[in-house]
Trainee: 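Dumping the structure here so I can ask a few things about it.
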There are 2 protein chains.
Amino acid sequence: MNDLFFKLTASYLKALSHPTRLKIINILKEKELCVCVILEKLDLEQSNVSQHLRVLKEQNIVESRRDGSKIMYKVKDRNVFFILNKINDSLLKQLSETQDQLKKGGL
Amino acid sequence: MNDLFFKLTASYLKALSHPTRLKIINILKEKELCVCVILEKLDLEQSNVSQHLRVLKEQNIVESRRDGSKIMYKVKDRNVFFILNKINDSLLKQLSETQDQLKKGGL
DNA sequence: TTATGATATTAGAAAATTCTAATATACTTA
DNA sequence: TAAGTATATTAGAATTTTCTAATATCATAA
């Protein structure tokens with residue numbers, strides 16, 4: 001396990017670690033969509049969304065192609081859904097543990 | 001899928017997205033260790049390591065207990081290893097795709 | 001060939017993260 | 001109880017990320 005490996009892994013994780021980027025991945029879960037449709041679903045500045053898309057693309061998490069005047073994006077690395085599901089598991093487990101502790105505490 | 005869920009997921013990912021924190025998780029993979037031993041393996045400032053440990057603890061990824069004058073840390077959320085392995089897969093896949101493209105290109 | 005629509009890029013301000021250095025806390029031993 | 005050891009916390013500087021606003025690019029339609 002060398003430094004480069006940890007750096008690359010951290011970069012990948014960093015690309016995922018923003019609510020807007022997670023939303024984008026979720027929006028693209030089922031199908032390829034143009035930026036215009038992604039924009040409609042996000043209520044954010046166009047340039048901001050474009051920047052977030054770039055971050056995801058730089059990590060090869062999504063990919064894009066031109067279709068006429070539109071740019072179509074889709075999830076390239078479907079592993080992300082696996083990863084996000086696992087995190088979901090962790091968060092739910094934490095939640096139930098917190099609830100258990102509250103019960104123990106008597107309140 | 002609401003905003004809070006994406007925020008929580010992003011926070012979890014952010015806690016993981018630093019090389020030092022990934023190293024710490026790796027160091028703690030097999031066993032519980034005191035901060036002093038973690039420090040030995042990292043060659044970083046004590047306060048810096050302490051701060052990284054706190055970030056991991058805040059996300060319930062690691063947990064700690066006092067043992068005399070030492071504080072022992074261990075990985076609480078073993079899901080992380082699953083997540084990190086998946087990311088490892090993604091990175092290796094990307095690497096082999098890059099190699100394929102270089103071959104195609106003729107060089 | 002000009003105007004328009006879709007998207008990307010850039011510049012810079014604002015916010016968040018990270019690091020270092022200093023100090024505080026808590027346990028142990030003399 | 002004083003000194004030493006282990007770890008946490010704090011303050012502030014440095015760096016990185018994020019956002020907004022403006023501008024650039026490129027394909028299409030007129």
Side-chain angles (χ1 to χ4, degrees), chain A residues 3-4 6-25 27-28 31-76, chain B residues 3-4 6-25 27-28 31-76:
Chain A
D3 277 18
L4 177 59
F6 289 114
K7 262 196 198 169
L8 290 174
T9 306
S11 297
Y12 184 99
L13 285 160
K14 192 167 288 186
L16 290 181
S17 67
H18 192 288
T20 299
R21 294 197 286 272
L22 293 176
K23 279 182 205 171
I24 290 172
I25 289 169
I27 288 168
L28 294 175
K31 50 184 171 181
E32 189 186 42
L33 291 172
C34 65
V35 178
C36 51
V37 171
I38 298 171
L39 271 173
E40 277 172 16
K41 298 178 188 264
L42 281 177
D43 189 35
L44 294 169
E45 296 277 340
Q46 177 266 321
S47 66
N48 190 0
V49 172
S50 188
Q51 286 163 346
H52 284 301
L53 283 167
R54 176 167 51 179
V55 172
L56 290 172
K57 195 174 168 183
E58 278 169 358
Q59 288 299 318
N60 277 294
I61 294 167
V62 304
E63 64 187 334
S64 67
R65 68 181 176 84
R66 181 175 282 283
D67 178 15
S69 67
K70 297 184 173 177
I71 309 283
M72 308 294 292
Y73 276 85
K74 71 174 170 185
V75 176
K76 181 181 184 186
Chain B
D3 277 19
L4 177 59
F6 288 115
K7 262 196 196 171
L8 290 174
T9 307
S11 297
Y12 184 100
L13 285 160
K14 191 166 288 185
L16 290 180
S17 67
H18 191 288
T20 299
R21 293 196 288 269
L22 293 176
K23 279 182 204 171
I24 290 172
I25 289 169
I27 289 168
L28 294 176
K31 49 184 172 182
E32 187 186 43
L33 292 172
C34 65
V35 178
C36 52
V37 170
I38 298 171
L39 271 172
E40 276 173 16
K41 298 179 188 264
L42 282 176
D43 190 35
L44 293 169
E45 296 277 341
Q46 177 266 319
S47 66
N48 189 2
V49 172
S50 187
Q51 285 163 348
H52 283 302
L53 283 167
R54 176 168 50 181
V55 171
L56 290 172
K57 195 174 167 182
E58 279 170 358
Q59 289 300 318
N60 277 294
I61 294 168
V62 305
E63 63 188 334
S64 66
R65 68 180 175 87
R66 181 176 282 282
D67 178 15
S69 67
K70 298 185 173 177
I71 308 283
M72 308 296 293
Y73 276 86
K74 71 175 171 184
V75 175
K76 180 181 185 185

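Below, all heavy atoms of this structure are taken into account, side chains as well, without hydrogens, waters or symmetry copies.
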Trainee: OP1 or OP2 of D/dA6 versus the side-chain N and O atoms of B/Tyr73: is any pair under 4.0 Å?
Mentor: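 No, because none of the side-chain N or O atoms of B/Tyr73 sits under 4.0 Å from OP1 or OP2 of D/dA6.
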Trainee: Would you say B/Leu16 and B/Ile25 make side-chain contact, with heavy atoms under 4.5 Å?
Mentor: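 Yes, side chains in contact.
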Trainee: Using atom CZ of A/Arg65 as one end and atom C1' of C/dA6 as the other, report the distance to the nearest whole Å.
Mentor: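 In whole Å, C/dA6 C1' lies 15 Å from A/Arg65 CZ.
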Trainee: Quick check on D/dC19: is either OP1 or OP2 less than 4.0 Å from any side-chain nitrogen or oxygen of A/His52?
Mentor: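 Yes, such a contact exists.
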Trainee: Could you state the CG-P distance from B/Leu42 to C/dC19, rounded to the nearest angstrom?
Mentor: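 These atoms are roughly 11 Å apart.
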Trainee: Roughly how far, to the nearest 0.5 Å, is CD of B/Glu63 from OH of B/Tyr73?
Mentor: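 It comes to 11.0 Å.
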Trainee: Once you round it to whole Å, what is the distance between P of D/dA24 and CD1 of A/Ile71?
Mentor: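 Going from CD1 in A/Ile71 over to P in D/dA24 covers 19 Å.
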Trainee: Heavy-atom contacts under 4.0 Å between residues 32-40 of chain A and DNA chain C, which residues?
Mentor: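 Residues of residues 32-40 of chain A under 4.0 Å from DNA chain C: A/Cys34, A/Val35, A/Cys36.
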Trainee: Taking only residues two or more places apart in sequence or in another chain, which ones pass side-chain hydrogen bond (donor to acceptor under 3.5 Å, both in side chains) with B/Lys23?
Mentor: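 So B/Lys23 forms a side-chain hydrogen bond (donor to acceptor under 3.5 Å, both in side chains) with A/Asp3.
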Trainee: When rounded to the nearest 0.5 angstrom, what distance separates CD1 in A/Ile61 from OH in A/Tyr12?
Mentor: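 The CD1 atom of A/Ile61 sits 4.5 Å away from the OH atom of A/Tyr12.
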Trainee: How many angstroms lie between atom CG of B/Leu28 and atom NZ of B/Lys76, to the nearest 0.5 angstrom?
Mentor: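 Going from the CG atom of B/Leu28 to the NZ atom of B/Lys76 covers 14.5 Å.
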Trainee: How long is the span from the NZ atom in A/Lys31 to the CE atom in A/Met72, to the nearest 0.5 Å?
Mentor: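 Interatomic distance, A/Lys31 NZ to A/Met72 CE, rounded to 0.5 Å: 9.5 Å.
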Trainee: Less than 3.5 Å between a donor and an acceptor, one on the side chain of A/Glu45 and one on the base of D/dA21, is that the case here?
Mentor: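 Per atom types, no contact qualifies.
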Trainee: Just jot down the salt bridge (charged side-chain N to carboxylate O under 4.0 Å, His left out) partners of B/Lys14, sequence neighbours excluded, or say none.
Mentor: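 Checked B/Lys14 against salt bridge (charged side-chain N to carboxylate O under 4.0 Å, His left out); zero matches.
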Trainee: Holding to salt bridge (charged side-chain N to carboxylate O under 4.0 Å, His left out), I want the full list of residues that pass it with B/Glu40, two or more places apart in sequence or in another chain.
Mentor: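 B/Glu40: no salt bridge (charged side-chain N to carboxylate O under 4.0 Å, His left out) contacts found.
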Trainee: Applying salt bridge (charged side-chain N to carboxylate O under 4.0 Å, His left out), can you list everything that pairs with A/Lys70, at least two apart in sequence or on another chain?
Mentor: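 Residues passing salt bridge (charged side-chain N to carboxylate O under 4.0 Å, His left out) with A/Lys70: none at all.
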Trainee: On the nucleotide C/dC19, are OP1 or OP2 found under 4.0 Å from the side-chain N or O atoms that B/His18 carries?
Mentor: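 Yes, because at least one side-chain N or O of B/His18 sits under 4.0 Å from OP1 or OP2 of C/dC19.
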Trainee: Who pairs with A/Ser64 by side-chain hydrogen bond (donor to acceptor under 3.5 Å, both in side chains), at least two apart in sequence or on another chain?
Mentor: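 By the side-chain hydrogen bond (donor to acceptor under 3.5 Å, both in side chains) rule, A/Ser64 matches A/Lys57.
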Trainee: Taking for each residue the nucleotide of DNA chain D bearing the nearest heavy atom, is the 5' side occupied by A/Gln46 or by A/Ser17?
Mentor: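 Its nearest nucleotide being more 5', the pick is A/Ser17.
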Trainee: Would you mind reading off the distance between B/Asn48 atom CG and D/dA6 atom P, rounded to a whole angstrom?
Mentor: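 About 19 Å, once rounded to whole Å.
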Trainee: So if I take the C1' atoms of five pairs at each end of the helix from C/dT1-D/dA30 to C/dA30-D/dT1 and get each local axis, what angle do the two axes make, rounded to 10 degrees?
Mentor: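 Both end axes considered, the difference amounts to 10°.
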Trainee: What one-letter contact string describes nucleotides 25-30 of chain C from 5' to 3', where B marks a base within less than 4.0 Å of any protein heavy atom, S marks contact via sugar-phosphate atoms alone, and - marks no contact?
Mentor: -SSS--
Trainee: Measuring from B/Ile27:CD1 to B/Leu39:CG, what's the distance to the nearest 0.5 Å?
Mentor: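 B/Ile27 CD1 to B/Leu39 CG: 9.5 Å, rounded to 0.5 Å.
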Trainee: Mind calculating the distance between CG (A/Leu56) and P (C/dA8) to the nearest angstrom?
Mentor: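 It is 12 Å, rounded to the nearest whole Å.
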Trainee: Nearest-Å distance, CD (A/Gln59) to P (D/dT17)?
Mentor: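 Going from CD in A/Gln59 over to P in D/dT17 covers 11 Å.
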Trainee: Which residues pass the side-chain hydrogen bond (donor to acceptor under 3.5 Å, both in side chains) test with A/His18, sequence neighbours left out?
Mentor: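 So A/His18 forms no side-chain hydrogen bond (donor to acceptor under 3.5 Å, both in side chains) with any residue.
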Trainee: Provide a list of protein-nucleic acid N or O atom pairs under 3.5 angstrom, restricted to nucleotides 10-16 of chain C.
Mentor:
from   : atom 1 : to      : atom 2 : distance (Å)
C/dT10 : O4     : A/Gln51 : NE2    : 2.8

Trainee: Applying salt bridge (charged side-chain N to carboxylate O under 4.0 Å, His left out), can you list everything that pairs with A/Arg66, at least two apart in sequence or on another chain?
Mentor: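 Checked A/Arg66 against salt bridge (charged side-chain N to carboxylate O under 4.0 Å, His left out); zero matches.
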Trainee: Rounded to the nearest Å, what distance is computed from the CG atom of residue B/Leu44 to the C1' atom of nucleotide C/dT17?
Mentor: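 B/Leu44 atom CG is separated from C/dT17 atom C1' by 16 Å.
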Trainee: When you measure from the side chain of B/Ser50, which nucleotide among D/dA8, D/dC19, C/dC19 comes out closest?
Mentor: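 Nearest to the side-chain atoms of B/Ser50, counting from C-beta on, is D/dA8.
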Trainee: Rounded to whole angstroms, how far apart are CG on A/Asp43 and P on D/dC19?
Mentor: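 Atom CG in A/Asp43 sits about 13 Å away from atom P in D/dC19.
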Trainee: Name the atoms and distances for all side-chain donor-acceptor pairs under 3.5 Å in residues 42-56 of chain A, with sequence neighbours left out.
Mentor:
from    : atom 1 : to      : atom 2 : distance (Å)
A/Asn48 : OD1    : A/His52 : NE2    : 3.1
A/His52 : ND1    : A/Arg21 : NH1    : 3.0

